[in-house]
There are 2 protein chains.
Amino acid sequence: MSSIIQRLMKFGVDVNRILTPRTRGPKATKVHQGHLLDAALAVFAREGLRGASIRAIAREAGCDPSMLYYHFQGKEGMFEALLERSIGPVVTELLALKDPKDPRSVAERLWGVICIYHRHLGESEGLRGLLRGEIIRGAEGIRESITKRVFPALGAISDLIRFGIERGDIRPDTAPLFATFFLARMELEILDLIPVLGPRVAGIPADQALPMAERAWFRLFWRGIATRPEEPLPFLNES
Amino acid sequence: MSSIIQRLMKFGVDVNRILTPRTRGPKATKVHQGHLLDAALAVFAREGLRGASIRAIAREAGCDPSMLYYHFQGKEGMFEALLERSIGPVVTELLALKDPKDPRSVAERLWGVICIYHRHLGESEGLRGLLRGEIIRGAEGIRESITKRVFPALGAISDLIRFGIERGDIRPDTAPLFATFFLARMELEILDLIPVLGPRVAGIPADQALPMAERAWFRLFWRGIATRPEEPLPFLNES
DNA sequence: AAAAAATTTCAACGAATGATGAAATTTGCC
DNA sequence: GGCAAATTTCATCATTCGTTGAAATTTTTT
């Protein structure tokens with residue numbers, strides 16, 4: 001059976017090399033940056049932030065860990081790029097809520113904060129972790145990079161709340177920064193936990209629990225800051 | 001200079017052993033379990049959850065990492081013991097809030113949740129991380145162990161809210177479980193972030209920012225669930 | 001066809017981690 | 001004094017991690 005191989009080896013032939021040929025060099029489907037970022041998100045979704053090692057991402061992408069260093073400058077640079085792609089749109093949409101030409105009420109626009117978070121961050125626990133400033137081993141500098149992006153967006157929401165105070169929709173003793181913090185931060189917690197806790201603790205199916213909790217949260221929040229808390233919030237009953 | 005050492009080594013003398021004598025065996029001040037748990041908390045406070053390696057804790061305690069395996073069964077067992085000591089009292093106090101003989105109003109008792117969290121968890125970010133269910137490398141099983149302890153306490157708060165609904169203090173359309181989740185979870189976020197964010201974003205000194213945010217949060221929360229939201233909350237102005 | 005550039009993998013380094021078994025030292029008991 | 005139990009450290013193992021430099025292969029350019 002293996003006598004042929006043994007004879008070949010005797011003549012100095014690198015048998016290993018023939019049986020498992022090396023595969024270096026460009027593939028038919030080149031590994032581009034977006035593919036690696038997709039892989040990172042997939043690892044996030046499957047193994048959480050703690051699973052976000054370079055090796056795990058490369059495994060997911062079906063390539064060698066070195067590819068990460070070819071396309072980005074290290075792990076840090078890769079997450080920087082991931083942020084640009086993932087959190088960039090969130091920040092843009094949040095900033096747009098401040099637009100004075102927006103015809104919607106302040107309440108509905110604040111509800112928009114929750115909708116935007118839900119839409120962009122509902123799927124990836126890892127992305128929420130990043131946004132929340134959690135730390136990834138080997139990419140500790142990411143934290144500051146995120147706050148630099150997110151703070152202006154939160155500032156826009158604060159401005160929106162100030163606008164609501166001026167218009168008389170929101171109680172004047174509301175602290176805009178705190179209220180912004182409460183609104184946005186709680187939505188992150190809801191997205192993280194309610195899909196797990198809802199079925200387990202309250203027996204609500206996961207897909208129903210999330211919207212229920214979000215609506216419950218916004219009703220509580222708005223009632224907590226509104227000048228006229230009894231006014232109905234019709235936009236909550238849509239979709 | 002080192003010729004003597006070389007001559008000694010030639011005769012088979014273990015020079016290293018003479019220059020740095022071994023120090024095995026019991027110390028004058030024995031390392032007991034509590035000391036190790038204190039060290040773990042200190043590491044938490046200084047380096048956060050990610051710094052909670054066995055080696056870091058042993059370094060803090062001034063002993064060898066092996067001591068952890070002598071006193072506890074591995075890293076997991078050690079955090080189990082830390083929970084027993086640290087989170088046990090929190091849970092006990094939370095359960096006591098449900099006591100029907102407590103003369104305080106429902107509002108004041110819900111404010112008690114925030115006070116209890118503040119008192120027991122304000123100092124250690126790591127403890128909050130544990131309570132929040134964050135994962136520690138090498139002690140992944142801790143998560144379940146925590147939820148098992150915390151869920152009954154959160155159930156007690158939910159009962160308290162139900163009691164408030166029965167008494168007519170809390171709006172009947174309030175979902176007790178969600179409200180409990182909002183109240184407790186937000187306090188964790190406040191303890192984590194406001195001391196950092198307050199000075200940086202709003203220019204408020206760290207020690208003032210925390211109580212301000214907690215009071216702002218509870219006012220918002222209570223206004224969000226109360227039947228009579230305009231009723232004053234005098235206990236908020238104490239201390 | 002030859003040379004240069006681009007893409008991919010390989011092999012390895014140094015560091016950190018959780019864990020273990022054995023050795024060394026002290027303490028307490030008979 | 002001798003002996004067993006308790007306490008502490010040492011040396012080491014197997015993993016995993018981020019990172020790097022060189023080799024191999026394909027593609028593009030000359």
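Letters A, B, ... mirror the listed sequences (proteins, then strands); counts begin at 1.
In this structure, F178(A) and L197(B) have side chains that are not in contact, with every pair of non-hydrogen atoms separated by 4.5 Å or more.
Taking the side chain to side chain donor-acceptor pair (under 3.5 Å) definition, one finds that R50(A) meets it with nothing, sequence neighbours left out. Looking at residues two or more places apart in sequence or on another chain, you find no salt bridge (charged side-chain N to carboxylate O under 4.0 Å, His left out) involving D64(A). Every ring pair (Phe, Tyr, Trp, His ring centres under 6.0 Å) that F182(B) has, sequence neighbours left out, goes to W217(A). Every residue two or more places apart in sequence or in another chain that forms a salt bridge (charged side-chain N to carboxylate O under 4.0 Å, His left out) with R46(B) is listed here: E60(B). Every residue two or more places apart in sequence or in another chain was checked for a ring pair (Phe, Tyr, Trp, His ring centres under 6.0 Å) with Y117(A), and none qualifies. Scanning for side-chain contact (heavy atoms from CB on, under 4.5 Å) contacts around T180(A) gives L154(A), I157(A), S158(A), I161(A), with sequence neighbours left out. Residues forming a salt bridge (charged side-chain N to carboxylate O under 4.0 Å, His left out) with R85(A) (at least two apart in sequence, or on another chain): D38(A).
Taking every heavy atom of residues 125-148 of chain A and every atom of DNA chain C, no pair lies under 4.0 Å. Of the residues in residues 50-65 of chain B, those lying under 4.0 Å from DNA chain C by heavy-atom distance are S53(B), I54(B), R55(B). Contacts between residues 69-87 of chain A and DNA chain D, defined by a heavy-atom separation below 4.0 Å, involve Y69(A), G74(A), K75(A), listed by number.
Regarding M67(B), its CE atom lies at a distance of 17 Å from the C1' atom of dG18(C), rounded to whole Å. The nearest whole Å value for the distance from the CD atom in Q33(A) to the P atom in dT8(C) is 12 Å.
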Distance-only check: which donor-acceptor pairs under 3.5 Å involve side-chain atoms of residues 91-99 of chain B, not counting sequence neighbours?
from: T92(B); atom 1: OG1; to: G88(B); atom 2: O; distance (Å): 2.9
from: E93(B); atom 1: OE1; to: R119(B); atom 2: NH1; distance (Å): 3.1
from: E93(B); atom 1: OE2; to: R119(B); atom 2: NH1; distance (Å): 3.2
from: E93(B); atom 1: OE2; to: H120(B); atom 2: NE2; distance (Å): 3.3
from: K98(B); atom 1: NZ; to: D159(B); atom 2: OD2; distance (Å): 3.0
from: D99(B); atom 1: OD1; to: K101(B); atom 2: N; distance (Å): 3.0

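Contact annotation: side chain of S66(A) to base of dT20(D), donor-acceptor pair present below 3.5 Å.
Pairs of residues two or more places apart, or lying in two chains, that qualify as side chain to side chain donor-acceptor pair (under 3.5 Å) and include a residue from residues 196-214 of chain A are H118(A)-E214(A).
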